[in-house]
Amino acid sequence: DYLTRIKASAAPGDVVFFASLRMRKLGDQWGSFDRAEVVKEQNSAEAKAKYQEARQETASLIDTLRQLGLHVLIDAPKPVFSSPAFRCSDPFNRENPVCAAGFEEERGFLLAHRQPIMESLGQLAKEFPDLIVWDPFPLLCPTDPCSAFDQEGNPLFFDGDHLSAQGNRVLYLSFVALLQTLWLPPEDKAVAKPKTSASAP
């Protein structure tokens, strides 16, 4: 399994990067989902139980990896959208019904939507002070409303929640800065901090 492969190939100081705990999507390549149902599911007792289970499993895994001398990095949830930006980015595709829900979301709604996951990440960060939580949200949504396209009209997302090549380019420098800070000599870490944070403004 993946843990066996990590143990076999990783060396102390290496970084293990985990995708964020799952957040409900607003749509996929084939259409948008009912917003009220998504919010209801996201806040249901069943979902909360799954978040708790996932947090416990993640905590156990983090503890194992830390004992191997590895850095553990988790990204906070990115914005999600109802329509697939990349699929709808060309003029001949924009009239497709799958694009009808649009490509903007209120920033406050998205921050509230991801709050259960942020709470789980906050609990993990308290339990493991050396856990790194990298938050790409402010870079992908610097203004209100959040847009699935950048200012030049390039899609930041492939579908409703996966980044496009342009979305990855937007995050690249921030991610590299974080890794460079991790690998600085100990005496330099106090004065060099990555341009990332564990929470979006």
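Quantities reported herein were computed from a predicted structural model and do not represent experimental measurements.
Residue pairs satisfying the salt bridge (charged side-chain N to carboxylate O under 4.0 Å, His left out) criterion with at least one member in residues 150-174, sequence neighbours excluded, are absent.
In this structure, CG on Asn168 lies 11.0 Å from NE2 on His162, to the nearest 0.5 angstrom. Atom CG of residue Leu131 and atom NZ of residue Lys126 lie 13.5 Å apart, to the nearest 0.5 angstrom. In this structure, CG on Asp1 lies 9.0 Å from CD1 on Ile6, to the nearest 0.5 angstrom. Atoms OG and CG, on Ser174 and Leu139 in that order, are 5.0 Å from each other to the nearest 0.5 Å. The distance from the CG atom of Leu171 to the CG atom of Leu163 is 5.5 Å, given to the nearest 0.5 Å. Distance check, rounded to the nearest 0.5 Å: CD of Glu127 to OG1 of Thr58 gives 10.5 Å.
For the residue pair Tyr51 and Gln42, a side-chain donor N or O sits within less than 3.5 Å of a side-chain acceptor on the partner. In the model, Ser89 has no side-chain atom that pairs as donor or acceptor with a side-chain atom of Arg94 under 3.5 Å. Under 3.5 Å, the side chains of Arg55 and Gln123 contain a donor-acceptor pair of N or O atoms.
At distances below 3.5 Å, not a single donor-acceptor pair connects side-chain atoms of Ser32 with backbone N or O atoms of Gly27. Between the Asp63 side chain and the Ala59 main chain, no donor and acceptor come within less than 3.5 Å of each other. Distance alone, capped at 3.5 Å, places no donor-acceptor pair between the Ser60 side chain and the Gln56 backbone. One N or O on the side chain of Arg107 and one on the backbone of Cys141 form a donor-acceptor pair closer than 3.5 Å.
Side-chain contact between Leu121 and Pro77 is present, with heavy atoms from C-beta onward closer than 4.5 Å. Within the 4.5 Å cutoff, the side chain of Trp30 has heavy atoms near those of the Arg87 side chain. Side-chain contact between Ile132 and Ile74 is absent, with no heavy atoms from C-beta onward closer than 4.5 Å. Using a 4.5 Å heavy-atom cutoff, the side chains of Leu68 and Asp14 are not in contact. Residues Leu26 and Phe109 form a side-chain contact, since some pair of their non-hydrogen atoms from C-beta on lies under 4.5 Å apart. You'll find the side chain of Val133 stays beyond 4.5 Å of the side chain of Leu73, heavy atoms only. Taking 4.5 Å as the limit, every side-chain heavy atom of Phe18 sits out of range of all side-chain heavy atoms of Asp75. No side-chain heavy atom of Lys78 sits less than 4.5 Å from a side-chain heavy atom of Phe137.
Contact detail for Arg24 and His113: the closest heavy-atom pair is O-NE2, 2.9 Å. The two residues Pro142 and Leu140 have their closest heavy-atom pair at CD-C, 3.5 Å.
Exactly one residue among Asp130, Leu179, Val15 makes a side chain to side chain contact (heavy atoms under 4.5 Å, CB included) with His71. That residue is Val15. For the side chain to side chain contact (heavy atoms under 4.5 Å, CB included) test with Phe81, the passing option among Pro79, Ser83, Pro84 is Pro79; the others fail.
Residues that satisfy the salt bridge (Lys or Arg N to Asp or Glu O under 4.0 Å) test with Asp28, not counting sequence neighbours, are absent from this structure. For the salt bridge (Lys or Arg N to Asp or Glu O under 4.0 Å) test, no residue two or more places apart in sequence or in another chain qualifies with Lys25.
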Residues Arg114, Asp135; criterion salt bridge (charged side-chain N to carboxylate O under 4.0 Å, His left out); working and verdict:
CA-CA 12 Å; Arg114 75 175 193 158; Asp135 192 358; 2.9 Å; yes

Working for side chain to side chain contact (heavy atoms under 4.5 Å, CB included), residues Arg35 and Glu105
CA-CA 12 Å; Arg35 179 70 55 93; Glu105 297 290 343; 3.0 Å; yes

Stepwise side chain to side chain contact (heavy atoms under 4.5 Å, CB included) check, Arg66 with Leu70
CA-CA 5 Å; Arg66 288 172 68 251; Leu70 306 177; over 6 Å; no

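Annotation: Glu106, atom CD; neighbour count of heavy atoms from other residues, nucleotides and ligands within 6.0 Å does not exceed 12.
Hydrophobic clustering (ILVMFWY, side-chain heavy atoms < 4.5 Å, transitive): Leu156 and Phe86 are in distinct clusters. Under the 4.5 Å side-chain contact rule for hydrophobic residues, Phe158 and Val170 do not share a cluster. Under the 4.5 Å side-chain heavy-atom criterion for grouping Ile, Leu, Val, Met, Phe, Trp and Tyr, Ile117 is connected to Leu61 within one hydrophobic cluster.
Taking Ile, Leu, Val, Met, Phe, Trp and Tyr as members and joining any whose side-chain heavy atoms lie under 4.5 Å apart, directly or through other members, Val98 forms no hydrophobic cluster with any other residue. If you chain together ILVMFWY residues whose side-chain heavy atoms come under 4.5 Å of each other, Phe149 ends up grouped with Phe103. Through side-chain heavy atoms spaced under 4.5 Å, either directly or across other Ile, Leu, Val, Met, Phe, Trp or Tyr residues, Tyr172 is tied to Leu173, Val176.
Note: Phe17 and Phe175 meet the aromatic proximity criterion, with ring centroids under 6.0 Å apart.
Ionic pairing of Lys50 and Glu57 is not present here: no N-O contact between side-chain nitrogen and carboxylate oxygen is shorter than 4.0 angstrom.
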